[in-house]
K.L.:
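Sending over a structure as structure tokens; questions will come in a sec.
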There are 2 protein chains.
Amino acid sequence: MPLRRRFTPEARTDLHRCLVCEIREHSVCNGIDDSELAILAQASKRLTLPPGTAMIEEGTPALSFFNVTAGTVKLFKSLPDGRRQITGFADVGHFLGLTTAKTYSFGAETVDTVQVCRFLRPQLETLLTDYPQFERRLLDEVTDDLAEAQEQMLLLGRKTARERVASFLLNRMMPPAPSGQTKTEGCLVSLPMTRVDIADYLGLTIETVSRTISALRREQTITGTDNHGIRVLAVNRLRDLASGQDSR
Amino acid sequence: MPLRRRFTPEARTDLHRCLVCEIREHSVCNGIDDSELAILAQASKRLTLPPGTAMIEEGTPALSFFNVTAGTVKLFKSLPDGRRQITGFADVGHFLGLTTAKTYSFGAETVDTVQVCRFLRPQLETLLTDYPQFERRLLDEVTDDLAEAQEQMLLLGRKTARERVASFLLNRMMPPAPSGQTKTEGCLVSLPMTRVDIADYLGLTIETVSRTISALRREQTITGTDNHGIRVLAVNRLRDLASGQDSR
DNA sequence: GGTTATTGTTGATATAAATCAACGACAGCT
DNA sequence: AGCTGTCGTTGATTTATATCAACAATAACC
């Protein structure tokens, strides 16, 4: 381990943190070569945040940027009278906080217990300029986020309540357990957020979300274990619903 | 002009095109240094497109990318039954076509007569890797697009028809004529798109858009010259409307 | 320059989802 | 274990906007 001698014990711990990071390959961090991991580790600090922690406050100076390594973060924008739109949920592997302005134009709050690696602006800028692959990876992620935002605009502007809920469940569906079976049966959907959050994400009220989920349950399209975990019984049916090919 | 000898006449014309390009500084192209303009010029071709031209077809291979140098392009997503959501209007200076997938996830069509510089994928990728400033500028633009998309999600998910139309007019308002007057009087809004496009952008029907604009005219918030050019009489009032501080 | 198509406006009615209201099911706390 | 507050469900009613329908204004075209 020749690296060991070059860093303080603290830095070594950090390096180890990045070395063993299971989500590295699924995040912007895979833009940094293994041999340079120490630089990455020194540029960020890992934090554990309890549910409901405000990570980013709309309108405050944009000094921190985050990579989510565990849990789910909600991103949102608000109107003066309190109406709120959740613009996305950042799950494991997602990077958040980017802006070209001096201040954040959106808020971010933890949904459940969340682990993040926090980058401060100067360190992030160094990474961006020194590691082209890191910047490229970030460009790709923002490009993906934009495509997702466009899909959500289609949902918010043109889909019915049923179509919105179906789309939401479909998007949050876990990849089916990698057994020998086909994709048509029993996929799990984890819903760490509350009904209020789902409603604010889908541009609906909590009552409409609740009623719609109940209806899907009644029709055997889904099955409700508890409120934060749903099982999809008919994936294809849900897919049809989501894109407006509603049979009934 | 020592450069002249290094390029074919055609390339020289292209170089001139970039040299005199008035919008260069307001687009991703300002990521390329003046001395390297020839490279930029050779990587792109300028096209003039009549109104209603389909530039990008949803689901087709993503081979071309565009920088708008004149006119307005609409970007949209559609549902199988024809419902459509316009996700944004790309005006002069905007770059469009980016995706991490093999195919476009959205469509693009000219609103009026449009001039674009078209980049093919290999050339664009070369620019991205060879000119870090170009890539940085693109990252900034996509980041801005994402912020705009989030603002539009707030509009689509949580604003009333009045608030949506007010927001739209406000966003498309020209900077007030740079005379000595204050910002409170008579700004112009250019609306090259049809009512159908406005409705598909705001998640409303054409009837609701029409009625709402008529109402704003009746209340003297705006004044209608013709259908594609509106003058805002009370900017502050419009601003209040857009953010939900509605007096009536 | 008058005819035809397209685009925009206004009115009457229908409807999907919001609002108002009550209650049920948990989770946290002492 | 029993209380208390949060979160979710279900029902009754209202409402903003969609839909249906007719017409007006503008642009396109022989």
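Values reported hereafter were calculated over all heavy atoms of this structure, with side chains retained and with hydrogens, waters and symmetry mates removed. Predicted model, so just to flag it, every value in this text is computed and none were measured. Per chain, numbering begins at 1; letters A, B, ... match sequence-line order.
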K.L.:
Who passes ring-ring contact (aromatic ring centres under 6.0 Å, His included) against A:Phe168, sequence neighbours left out?
P.N.:
A:Tyr201

K.L.:
Whole angstrom is fine here: how far is it from CZ in A:Arg162 over to P in C:dA16?
P.N.:
12 Å

K.L.:
Compute the bend angle of the helix from C:dG1-D:dC30 to C:dT30-D:dA1 from the end axes (five pairs per end), rounded to 10°.
P.N.:
50°

K.L.:
Can you list the residues that meet the side chain to side chain donor-acceptor pair (under 3.5 Å) rule with A:Gln150, with sequence neighbours excluded?
P.N.:
none

K.L.:
B:Arg84 vs B:Asp197, test: side chain to side chain contact (heavy atoms under 4.5 Å, CB included). Steps then yes/no.
P.N.:
CA-CA 9 Å; B:Arg84 190 183 65 152; B:Asp197 287 341; 2.9 Å; yes

K.L.:
What salt bridge (charged side-chain N to carboxylate O under 4.0 Å, His left out) pairs are there with at least one residue in residues 90-101 of chain A, not counting sequence neighbours?
P.N.:
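Listed by first then second residue: A:Asp91-A:Arg172.
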
K.L.:
For C:dA18 and A:Thr205 - does any side-chain N or O of the residue sit under 4.0 Å from the phosphate oxygens OP1/OP2?
P.N.:
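So the side chain of A:Thr205 is within the cut-off, an N or O lying under 4.0 Å from OP1 or OP2 of C:dA18.
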
K.L.:
Exactly one of A:Thr72, A:Asp226, A:Val111, A:Ile230 should register a side chain to side chain contact (heavy atoms under 4.5 Å, CB included) with A:Leu191. Which one does?
P.N.:
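Single side chain to side chain contact (heavy atoms under 4.5 Å, CB included) partner of A:Leu191 among A:Thr72, A:Asp226, A:Val111, A:Ile230: A:Ile230.
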
K.L.:
Between protein and nucleic acid, restricted to nucleotides 27-30 of chain D and to nitrogen or oxygen atoms under 3.5 Å apart, what atom pairs and distances do you find?
P.N.:
none

K.L.:
The test is side chain to side chain contact (heavy atoms under 4.5 Å, CB included); show your working for A:Thr69 and A:Val92 and say whether it passes.
P.N.:
CA-CA 5 Å; A:Thr69 55; A:Val92 169; 5.8 Å; no

K.L.:
Taking only nitrogen or oxygen atoms into account, show me every contact under 3.5 Å that the protein makes with nucleotides 13-16 of chain D, one pair per line with its distance.
P.N.:
none

K.L.:
Is it the case that B:Ser44 and B:Arg17 place a side-chain donor and acceptor less than 3.5 Å from each other?
P.N.:
yes

K.L.:
Test: side chain to side chain donor-acceptor pair (under 3.5 Å). Region: residues 50-61 of chain B. Which pairs qualify, not counting sequence neighbours?
P.N.:
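Every side chain to side chain donor-acceptor pair (under 3.5 Å) pair that includes a residue of residues 50-61 of chain B, provided the two are not neighbours, is B:Glu58-B:Ser78.
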
K.L.:
Do side-chain atoms of B:His228 reach the backbone of B:Ser190 as a donor and acceptor pair under 3.5 angstrom?
P.N.:
no

K.L.:
Going by side chain to side chain contact (heavy atoms under 4.5 Å, CB included), A:Arg237 matches just one of A:Val235, A:Leu241, A:Leu233. Which one?
P.N.:
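When A:Val235, A:Leu241, A:Leu233 are each tested with A:Arg237, the side chain to side chain contact (heavy atoms under 4.5 Å, CB included) holds only for A:Leu241.
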
K.L.:
Determine whether a donor-acceptor pair (N or O, by modelled atom type, separation under 3.5 Å) exists between the side chain of A:Arg118 and the backbone of A:Phe65.
P.N.:
no

K.L.:
Report all interatomic pairs (protein N or O, nucleotide N or O of nucleotides 5-10 of chain D) with separations under 3.5 Å.
P.N.:
unit_1, atom_1, unit_2, atom_2, d
D:dG8, OP1, A:Arg195, N, 3.4
D:dG8, OP2, A:Arg195, N, 2.9
D:dG8, O3', A:Asn227, OD1, 3.3
D:dT9, OP1, A:Arg195, NH2, 3.2
D:dT9, OP1, A:Asn227, OD1, 3.4
D:dT9, OP2, A:Arg195, NE, 2.8
D:dT9, OP2, A:Ser210, OG, 2.7
D:dT9, O5', A:Ser210, OG, 3.0
D:dT10, OP2, A:Ser214, OG, 2.4

K.L.:
Please work out which residues in residues 76-89 of chain A have a non-hydrogen atom less than 4.0 Å from an atom of DNA chain D and list them by number.
P.N.:
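The answer is none.
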
K.L.:
Do the side-chain N and O atoms of B:Ser167 and B:Lys159 include a donor-acceptor pair separated by under 3.5 angstrom?
P.N.:
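Yes, side-chain donor-acceptor contact under 3.5 Å.
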
K.L.:
Mind checking side chain to side chain donor-acceptor pair (under 3.5 Å) for A:Asn67 and listing every partner two or more places apart, or none if nothing turns up?
P.N.:
A:Ser27

K.L.:
Given 3.5 Å as the limit, does a donor-acceptor pair link the side chain of A:Arg83 with the main chain of B:Arg158, or not?
P.N.:
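Here the side-chain-to-backbone pair exists.
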
K.L.:
Please list, pair by pair, any protein nitrogen or oxygen found under 3.5 Å from a nitrogen or oxygen in nucleotides 22-25 of chain D.
P.N.:
none

K.L.:
Shortest non-hydrogen contact from A:Ala199 to A:Thr205?
P.N.:
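The answer is CB-C, 3.6 Å.
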
K.L.:
Any Lys/Arg nitrogen of B:Lys74 or B:Asp112 sitting under 4.0 Å from an Asp/Glu carboxylate oxygen of the other?
P.N.:
no

K.L.:
Keeping A:Ser210 on the side-chain end and A:Ile206 on the backbone end, is there a donor-acceptor pair under 3.5 Å?
P.N.:
no

K.L.:
What's the CG-P distance between B:Leu204 and C:dA16, to the nearest Å?
P.N.:
18 Å

K.L.:
Tell me every residue that passes ring-ring contact (aromatic ring centres under 6.0 Å, His included) with B:Phe76, counting only those two or more places apart in sequence or in another chain.
P.N.:
none

